[in-house]
> 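Mind having a look at this structure? Questions to follow.
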Amino acid sequence: MIMSRIEAPSSEDTAATGDLVDLLLSGLPAEAVLTDPDVTASYTNDMASFCPAGTPAVVVLPRTVEQVQHVMRTATALRVHVVPQGARTGLSGAANASEGCIVLSLTKMDRILEINPVDRIAVCEPGVINAALSRAVGEHGLYYPPDPSSWEMCTIGGNIGTASGGLCCVKYGVTAEYVLGLDVVLADGRLMSTGRRTAKGVAGYDLTRLFVGSEGSLGIVVRAVLGLRPKPPEQLVLAAEFASAAAACDAVCRIMEGGHVPSLLELMDRTTVKAVNDMAQMGLPESTEALLLAAFDTTAPAADLAAVGALCEASGATQVVPADDVAESELLLQARRLSLTALEAVKGVTMIDDVCVPRSRLAEMLEGVDRIAEKYRLTIGVVAHAGDGNTHPTVCFDPVDPDESRRARESFDEIMALGLQLGGTITGEHGVGVLKKEWLAREIGPVGMEMQRAVKQAFDPLNILNPGKLF
């Protein structure tokens with residue numbers, strides 16, 4: 001009841017499914033073309049709520065660049081929409097099918113093609129799982145930093161498409177900072193290479209960055225050159241409890257102002273702490289209004305934790321617990337890793353916002369979310385990449401209750417409005433997709449929208465690549 005349909009292309013632009021499938025099979029093996037409705041239905045949408053989706057005409061699972069090119073040439077010839085997909089772990093509806101489209105699932109293109117310790121790069125296909133790449137480069141003493149919460153499931157292609165982030169962004173940055181070059185199949189089937197393998201390079205416009213975060217609307221990424229770092233030491237973690245969210249946010253400001261560079265700086269509000277306690281019986285004090293987790297992967301992490309612990313106490317922390325070793329650090333991080341699962345257990349369905357504000361206004365953001373939760377009579381827990389100011393207010397609601405579903409959607413919009421009011425952005429790492437395209441227009445304004453549409457027109461003049469997303 002919370003889903004509607006993405007409209008089909010007009011009849012004159014839509015080929016009969018039989019013709020489409022026949023043409024696809026002329027350049028793809030039979031096992032790569034799925035038409036059984038019971039199977040194709042499982043490729044309809046990603047993990048976002050309130051996002052429209054249609055029924056695909058066909059799902060294709062190519063294994064080679066040439067097969068992707070064949071799909072795009074076919075789509076161009078028949079004027080059929082193409083929706084690229086990875087693991088569908090996204091939270092904005094960017095991978096949702098449109099009615100009668102080709103779903104282009106890239107999960108079978110899952111090879112790591114090269115790991116080069118001298119140049120500190122990895123070359124891989126888009127279907128490689130983030131965690132698999134991280135483990136593979138780790139065997140060479142290297143590190144691929146971007147680590148979305150879904151890193152055990154999400155793909156590198158999906159990470160590139162949504163410009164995803166993760167827990168370590170406060171120190172190491174987001175996906176865009178590690179994508180050096182791309183091979184991209186364009187809407188008409190041509191193959192284009194962008195970027196470089198070198199440590200430096202400024203030749204021409206930075207088309208590589210243009211594709212990062214484009215949500216499959218400009219081209220199909222079929223190969224990526226990714227920058228790597230030397231593998232850092234294991235991190236140690238500190239947990240600090242606070243009697244108010246404002247005190248925890250003050251500690252965040254003191255830590256960043258003091259020049260500290262944590263590898264992780266995460267915040268959980270009282271609603272999230274309670275949900276984790278209820279689900280996992282972790283024994284966190286019921287009086288905790290906010291829990292701050294800080295980590296360092298430096299050569300002397302204990303000293304860094306001590307300095308940050310002192311700043312937390314100066315901000316009013318009621319308890320500061322530094323870990324003595326890696327095992328204890330993992331225990332302290334367990335609560336953060338359980339946050340979203342625990343919030344899902346509150347009502348069964350969540351709607352996860354992704355508003356990023358200046359660090360200096362983080363307390364105002366959390367206080368505002370509290371007011372919104374009270375106004376709409378909803379449970380809204382906040383987990384945040386506090387070091388980035390990237391908050392994830394998570395609205396818990398019952399999808400079979402029409403009134404509660406309405407209130408959930410309205411609260412979500414009000415949270416985004418609050419983020420913009422505080423000088424922030426509607427998305428720090430999840431992307432725009434279907435869910436936030438109205439808000440993208442509000443954030444970047446009419447001139448910005450005009451230029452974005454002009455870029456889309458240049459790359460995809462027939463508007464067949466992931467239409468209805470972003471704008």
> Within this structure, what is the CZ-CG distance for the pair F459 and L207, rounded to the nearest 0.5 Å?
5.0 Å

> Counting neighbours of CD on E234 that are heavy atoms of other residues, nucleotides or ligands and sit closer than 6.0 Å, is the number greater than 12?
no

> Is it the case that the side chains of D297 and Y143 hold a donor-acceptor pair, with the cut-off being a distance below 3.5 Å and no angle test?
no

> I'd like to know whether the aromatic ring centres of F50 and F397 sit less than 6.0 Å apart in this structure.
yes

> What I want to find out is whether K108 reaches E31 closely enough, with some N-O distance under 4.0 Å, to be called a salt bridge.
no

> Heavy atoms only: give me the nearest S105-P62 pair and the separation to one decimal.
O-CD, 3.3 Å

> Is the shortest side-chain heavy-atom distance between P126 and I160 below 4.5 Å?
no

> Between L218 and V455, does the side chain to side chain contact (heavy atoms under 4.5 Å, CB included) criterion hold? Intermediate values first, please.
CA-CA 8 Å; L218 301 179; V455 171; 4.3 Å; yes

> Any chance you could measure I115, atom CD1, to L228, atom CG, to the nearest 0.5 Å?
7.5 Å

> List the atom of L343, the atom of C396, and the distance in Å for their closest heavy-atom pair.
O-SG, 3.4 Å

> Does a donor on one side chain sit under 3.5 Å from an acceptor on the other, for S217 and N466?
no

> Without swapping roles, check the side chain of D398 against the backbone of K347 for a donor-acceptor pair under 3.5 Å.
no

> Any idea how H430 and H392 line up, ring-wise: parallel (<30°), tilted (30 to 60°), or perpendicular (>60°)?
parallel

> Can you list the steps and then say if V60 with L24 is a side chain to side chain contact (heavy atoms under 4.5 Å, CB included)?
CA-CA 9 Å; V60 295; L24 289 171; 3.9 Å; yes

> Main chain of F296, side chain of K171: is a donor-acceptor contact present, judged purely on distance under 3.5 Å?
no

> Would you call I415 and T391 a side-chain contact if the rule is heavy atoms closer than 4.5 Å?
no

> Considering non-hydrogen atoms only, spot the tightest contact between I112 and A136 and give its length.
CD1-CB, 3.7 Å

> Is there a donor-acceptor contact under 3.5 Å from the side chain of S214 to the main chain of F211?
yes

> Taking atom CE of M192 as the centre, report whether more than 12 heavy atoms of other residues, nucleotides or ligands fall under 6.0 Å from it.
yes

> Give a yes or no answer on whether the side chain of D269 reaches the backbone of G381 with a donor-acceptor pair at less than 3.5 Å.
no

> Whether R223 and E114 form a salt bridge (side-chain N of Lys/Arg under 4.0 Å from carboxylate O of Asp/Glu) is what I want to check.
no

> With rounding to the nearest 0.5 angstrom, report the CE to CD1 distance, M109 to I220.
10.5 Å

> Looking at side-chain heavy atoms only, is the closest gap between Y43 and L34 below 4.5 Å?
yes

> Backbone N or O of T55 within a donor-acceptor pair of the T40 side chain at under 3.5 Å?
no

> Taking atom types as modelled, is there a side-chain donor on W439 or D413 under 3.5 Å from an acceptor on the other?
yes

> Taking all non-hydrogen atoms of both residues, which atom of S411 and which atom of L378 are closest, and how far apart?
OG-CD1, 3.6 Å

> Are any non-hydrogen side-chain atoms of Y172 and P232 less than 4.5 angstrom apart?
yes

> Between L180 and I121, does a side chain to side chain contact (heavy atoms under 4.5 Å, CB included) hold up when you go through it step by step?
CA-CA 9 Å; L180 303 181; I121 61 169; 3.7 Å; yes

> Looking at K436 and E443, does any basic side-chain N land under 4.0 Å from a carboxylate oxygen?
no

> Under a 4.0 Å threshold between the charged nitrogen and the carboxylate oxygen, would R135 count as salt-bridged to E152?
yes

> What's the separation between atom SG in C154 and atom CZ in R88, rounded to the nearest 0.5 Å?
13.5 Å

> Could you check if a side-chain atom of N96 sits within less than 4.5 angstrom of a side-chain atom of V83, using non-hydrogen atoms only?
no

> Does a side-chain heavy-atom distance below 4.5 Å link L418 with M365?
yes

> Is it true that atom CZ of R111 has more than 12 heavy atoms of other residues, nucleotides or ligands lying nearer than 6.0 Å?
no

> Of all heavy-atom pairs between A122 and L133, which one has the smallest distance, and what is that distance?
CB-CD1, 4.1 Å

> Give a yes or no on whether the backbone of T350 and the side-chain of E344 come within a donor-acceptor separation of less than 3.5 Å.
no

> Taking the side chain from D388 and the backbone from C356, do they hold a donor-acceptor pair closer than 3.5 Å?
no

> Looking only at non-hydrogen atoms, find the nearest pair between L435 and S49 and report the distance.
CD1-O, 3.6 Å

> Any side-chain heavy atom of V123 sitting closer than 4.5 Å to one from R197?
yes

> Between S150 (side chain only) and M153 (backbone N and O only), is there a donor and an acceptor less than 3.5 Å apart?
no

> State the CG-CZ distance between L182 and R209, to the nearest 0.5 angstrom.
11.5 Å

> Salt bridge check, E266 against R336: does any charged N sit closer than 4.0 Å to a carboxylate O?
yes

> Above 12 or not: heavy atoms from other molecules or residues under 6.0 Å from NZ of K437?
yes

> Check whether N45 reaches the backbone of A53 with its side chain - one donor and one acceptor, N or O, closer than 3.5 Å.
no

> Does some side-chain heavy atom of E330 sit less than 4.5 Å from a side-chain heavy atom of R337?
yes

> Any donor-acceptor pair under 3.5 Å linking the side chain of K231 with the backbone of H140?
no

> Heavy-atom count check: over 12 atoms from other residues, nucleotides or ligands less than 6.0 Å from R63 CZ?
no

> Calculate, to the nearest 0.5 Å, the distance between atoms CD1 and CG belonging to I102 and L20 respectively.
4.5 Å

> Please assess E125 against L113 for the test side chain to side chain contact (heavy atoms under 4.5 Å, CB included), listing each intermediate value before the final yes or no.
CA-CA 7 Å; E125 294 180 326; L113 303 172; 4.3 Å; yes

